[in-house]
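Worksheet: the structure to be examined is printed underneath.
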Amino acid sequence: MKLVYLFSIFFLIGCSSTKVIEPEPTVAPAPNWVKQKPIESPYYSGIGMAIKSSPDYLAIAKNNALNDLASEISVQIKSSSVLYQVENNDRFREEFKANT
C-alpha cells in the first residue's frame, strides 16, 4: 500500500507542468544626442526614435522626428489695413494701405 502511495506521488510530480520563463528583450539605451539635443543656431533639427521590435518602426521614428521639428518652429503673422476717404467740394479721394 505504501508503495502505491509513493508511486502515485512520484507520478503526480512527474506529470506536473513547469513554466518556462523567457527573458524579456533588452532595449539598448538611447544615444546621448537623443537625451541632449544638439543645438545649431542656423538649423532646425528634429529627433525621433522607435523600438525596432515594432513592425513599422521606421515610420514611427520619422513621425516622432517631424513632431519634434514642428514643435520648434513658430510663426506670427500680423496684418493692419487703413482706408482713408476724403470728400471735399464734390471731389472724392480714397486711399487704402495694407501691411502684412
Side-chain angles (χ1 to χ4, degrees):
M1 192 69 173
K2 289 183 182 180
L3 189 59
V4 173
Y5 287 126
L6 189 60
F7 181 70
S8 303
I9 291 173
F10 285 131
F11 181 75
L12 289 175
I13 290 173
C15 292
S16 66
S17 65
T18 58
K19 184 177 180 181
V20 177
I21 299 174
E22 295 180 20
E24 293 188 25
T26 58
V27 177
N32 287 337
W33 55 266
V34 172
K35 295 175 186 172
Q36 185 175 5
K37 189 179 204 177
I39 298 173
E40 297 179 26
S41 61
Y43 302 104
Y44 288 108
S45 62
I47 296 176
M49 57 185 239
I51 297 174
K52 284 188 173 182
S53 62
S54 174
D56 55 345
Y57 68 92
L58 189 57
I60 292 171
K62 284 181 181 179
N63 192 28
N64 290 341
L66 286 173
N67 287 336
D68 185 38
L69 180 64
S71 70
E72 290 187 19
I73 301 171
S74 65
V75 177
Q76 291 183 345
I77 299 174
K78 294 182 180 181
S79 176
S80 64
S81 59
V82 176
L83 177 62
Y84 181 72
Q85 296 177 334
V86 176
E87 185 176 348
N88 187 8
N89 295 332
D90 295 331
R91 298 181 89 183
F92 182 75
R93 191 175 86 185
E94 182 176 68
E95 280 185 47
F96 179 76
K97 292 183 182 179
N99 292 326
T100 303

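What's counted below: heavy atoms across the whole structure, side chains too, no hydrogens, waters or symmetry copies.
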Sub-3.5 Å donor-acceptor pair from the side chain of D68 to the main-chain atoms of I47, do we have one?
yes
Show me the side-chain donor-acceptor pairs of residues 76-98 shorter than 3.5 Å, one per line, residues at least two apart or across chains.
from, atom 1, to, atom 2, distance (Å)
Q85, NE2, E94, OE2, 2.6

Please name the pair of heavy atoms, one in A61 and one in A50, separated by the smallest distance, quoted to 0.1 Å.
N-CB, 3.9 Å
Look at atom CG of L66 and say whether more than 12 heavy atoms of other residues, nucleotides or ligands are closer to it than 6.0 Å.
yes
Pairs involving residues 52-66, ordered by first then second residue, that meet side chain to side chain donor-acceptor pair (under 3.5 Å) (sequence neighbours left out):
S54-D56
